[in-house]
Engineer: 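Sharing a structure with you now.
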Amino acid sequence: MTTGLKTAVADNPPAAPPTAGSVPVPRRNWRSALRTWSPLLVLLVLAVLPYSTVSVPGVFDGPLNGPGTLQLLAICLVFGGLAAGYDLLFGRTGMLSFGHALYFAAGVYGTDILVTKAGLPLWQAALLTLVGGTTLAALLGAVALRTAGIAFAMVTLAFAQVGAILVARDFGGLTGGEEGLSLDVSGLPAMLVGVGNTVNLYWLALAYLALVVFVVHRVAGSPTGRVLAGLRDDERRIGVLGLDPYRFKLLAFTLAGGLATAGGAIYCLLVGGASPHVTSSELTLSLLVMVVLGGPGTRWGPVLGGVLYMYLDHRLTAFGTSSAVESLPGVLSGPLSQPLFVLGTVFILAVYFFPGGLTSLSTRLTPFRRLRTDRSS
């Protein structure tokens with residue numbers, strides 16, 4: 001028996017330890033690497049975009065580094081960040097708020113009033129506005145979150161309507177009423193004044209978008225973010241686990257309000273003042289459309305939806321008054337001259353074909369990629 005064992009061992013000797021040269025090196029997953037580094041690559045491209053003199057006919061009216069193009073891109077970036085902050089409520093926590101425009105308007109009007117009326121330096125005005133807007137969100141959220149569902153949406157809408165009425169009636173002679181309030185540029189740093197410095201405002205808007213995406217991503221990946229996702233899926237289960245849903249909801253509501261306030265301050269610098277339309281409930285509905293268009297609860301969907309929506313909103317206005325549209329028959333020129341009609345059509349088609357938003361496009365195209373791969377092999 002011992003002889004048989006020795007023979008078996010001799011016939012099947014143990015494998016030699018692998019040498020350094022014989023160890024197979026795992027192939028790096030290039031898709032994973034691309035997914036990891038693509039955000040930084042996109043941020044770098046956007047940062048150096050103002051140095052490009054390339055013109056894209058039909059997409060922009062002038063070169064990429066033109067003041068008009070940079071201002072349009074900056075507005076798109078601001079609303080991309082605003083939509084990402086709103087998604088913290090809607091897509092990640094499951095709270096439908098119809099009053100989110102109130103905190104954006106607080107940033108716009110707060111910055112304008114403190115600079116123009118109070119004569120404060122910009123950094124002081126922006127800091128006080130941010131603190132005030134965040135505090136306002138915490139106070140109103142503490143009241144609104146005593147309700148849930150459609151009642152919560154109606155309460156937030158009521159608060160926003162109060163703000164819109166105060167602005168329209170020129171409360172305290174501060175808001176300018178229906179005419180709005182222009183920004184006194186004499187109190188601003190020279191680097192943010194003038195058409196030639198539009199590039200600095202663009203970089204400021206890009207920094208805001210990067211900050212919002214970073215904050216939302218960090219919150220979503222933290223234990224707090226998992227609790228917020230649990231509140232969206234099953235709030236009762238969170239309560240059973242011994243956690244306080246009200247406290248976590250208030251945290252998300254306050255953080256989203258603070259991010260919206262910061263975006264309002266930058267928007268005030270971009271457009272050079274404040275106007276009553278930023279207080280309207282239509283703005284909040286637009287944010288909802290942006291999030292749904294891009295993909296709620298995703299990392300890049302709300303940003304993509306916000307940028308695309310604002311780009312179309314601005315460009316379709318010029319498209320509707322172009323000679324190409326006016327030369328069409330009345331049956332076509334009438335609807336195409338209305339930007340809201342075209343936007344609504346795009347939104348309906350996107351929701352119908354991509355219910356999960358534009359970010360679900362890659363998932364829906366996966367079967368076609370596999371079919372093409374199988375045919376090629």
Side-chain angles (χ1 to χ4, degrees), residues 40 42-57 59-85 104-130 133 175-176 179-214 259-275 277-278 303 306-307 309-311 313-315 317-318:
L40 293 178
V42 172
L43 180 62
L44 179 61
V45 171
L46 291 176
V48 301
L49 191 65
Y51 296 104
S52 174
T53 58
V54 175
S55 296
V56 187
V59 180
F60 299 108
D61 291 332
L64 293 179
N65 64 343
T69 302
L70 289 178
Q71 185 179 30
L72 172 58
L73 290 175
I75 292 176
C76 291
L77 293 176
V78 168
F79 275 87
L82 188 61
F104 180 72
V108 177
Y109 274 95
T111 302
D112 197 350
I113 291 173
L114 290 178
V115 170
T116 303
K117 300 289 186 178
L120 294 180
L122 177 61
W123 71 270
Q124 291 184 7
L127 182 60
L128 289 175
T129 299
L130 179 60
T175 65
E179 296 181 358
L181 182 64
S182 59
L183 183 64
D184 183 8
V185 296
S186 63
L188 301 181
M191 60 181 297
L192 299 178
V193 179
V195 177
N197 290 319
T198 307
V199 60
N200 296 325
L201 296 174
Y202 168 83
W203 280 326
L204 187 62
L206 179 61
Y208 167 73
L209 174 61
L211 175 64
V212 173
V213 171
F214 175 77
L259 293 176
T261 302
I266 297 175
Y267 183 79
C268 177
L269 298 176
L270 279 173
V271 300
S275 58
H277 85 275
V278 298
V303 175
V307 171
Y309 182 95
M310 290 308 298
Y311 170 80
D313 185 47
H314 282 74
R315 292 297 296 169
T317 302

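Everything quoted here is computed from the prediction, not taken from an experiment. Along the sequence shown, residues carry numbers from 1.
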Engineer: So which heavy atom on P50 is nearest to which on V199, and how close?
Structural biologist: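 Nearest pair, atom of P50 first, then V199: CB-CG2, 3.4 Å.
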Engineer: Distance-only, no hydrogens or angles: does the S55 side chain make a donor-acceptor pair with backbone N or O of P57 under 3.5 Å?
Structural biologist: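 Here the side-chain-to-backbone pair does not exist.
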Engineer: Please work out which of the three classes, parallel, tilted or perpendicular, describes the rings of H277 and Y267, given edges at 30° and 60°.
Structural biologist: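 Y267 and H277: perpendicular rings.
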Engineer: Tell me which donor-acceptor pairs under 3.5 Å the side chains of residues 63-83 have, and how far apart each pair is, sequence neighbours excluded?
Structural biologist:
residue	atom	partner	partner atom	Å
T69	OG1	P63	O	3.1
Q71	NE2	L270	O	2.9

Engineer: Can you tell me how far apart OH (Y109) and OG (S275) are? Round to the nearest 0.5 Å.
Structural biologist: 6.0 Å
Engineer: Does any N or O in the side chain of N200 come within less than 3.5 Å of the main-chain N or O of M191, such that one atom is a donor and the other an acceptor?
Structural biologist: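 The answer is yes, because a donor-acceptor pair under 3.5 Å joins these two groups.
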Engineer: Measuring from L192:CG to L183:CG, what's the distance to the nearest 0.5 Å?
Structural biologist: 10.0 Å
Engineer: Got a sec, which residues hit side chain to side chain donor-acceptor pair (under 3.5 Å) with Y309, two or more places apart in sequence or on another chain?
Structural biologist: S286
Engineer: Side chains of K117 and L181, heavy atoms from C-beta outward: is any pair under 4.5 Å?
Structural biologist: yes
Engineer: Quick one: closest heavy-atom pair of A84 and V212, and the distance?
Structural biologist: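 Heavy-atom minimum between the residues: CB-CG1, 3.9 Å.
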Engineer: Sequence neighbours excluded and cut-off under 3.5 Å, please list the side-chain donor-acceptor pairs for residues 202-209, or say none.
Structural biologist:
residue	atom	partner	partner atom	Å
Y202	OH	L46	O	2.7
W203	NE1	A47	O	2.9
Y208	OH	L259	O	2.8

Engineer: Specify the closest pair of heavy atoms between D112 and A274, including all atoms of both residues, with the distance to one decimal.
Structural biologist: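 Heavy atoms of D112 and A274 come nearest at OD2-N, 3.3 Å.
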Engineer: Just verifying a value: how many Å separate L128 CG and W123 CH2, rounded to the nearest 0.5 Å?
Structural biologist: 8.5 Å
Engineer: Let me confirm one number: the CG-CG distance from L114 to L122, rounded to the nearest 0.5 Å.
Structural biologist: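 That separation rounds to 10.5 Å.
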Engineer: Quick one: list whatever passes salt bridge (charged side-chain N to carboxylate O under 4.0 Å, His left out) with D184, sequence neighbours left out.
Structural biologist: none
Engineer: Mind checking side chain to side chain donor-acceptor pair (under 3.5 Å) for T198 and listing every partner two or more places apart, or none if nothing turns up?
Structural biologist: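 By the side chain to side chain donor-acceptor pair (under 3.5 Å) rule, T198 matches no residue at all.
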Engineer: Between T261 and G107 (side chain of the first, backbone of the second, donor and acceptor by atom type, cut-off under 3.5 Å), is there such a pair?
Structural biologist: no
Engineer: Residues two or more places apart in sequence or in another chain: which of them pass side chain to side chain contact (heavy atoms under 4.5 Å, CB included) with Q124?
Structural biologist: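 For Q124, the residues satisfying side chain to side chain contact (heavy atoms under 4.5 Å, CB included) (neighbours in sequence not counted) are L120, P121.
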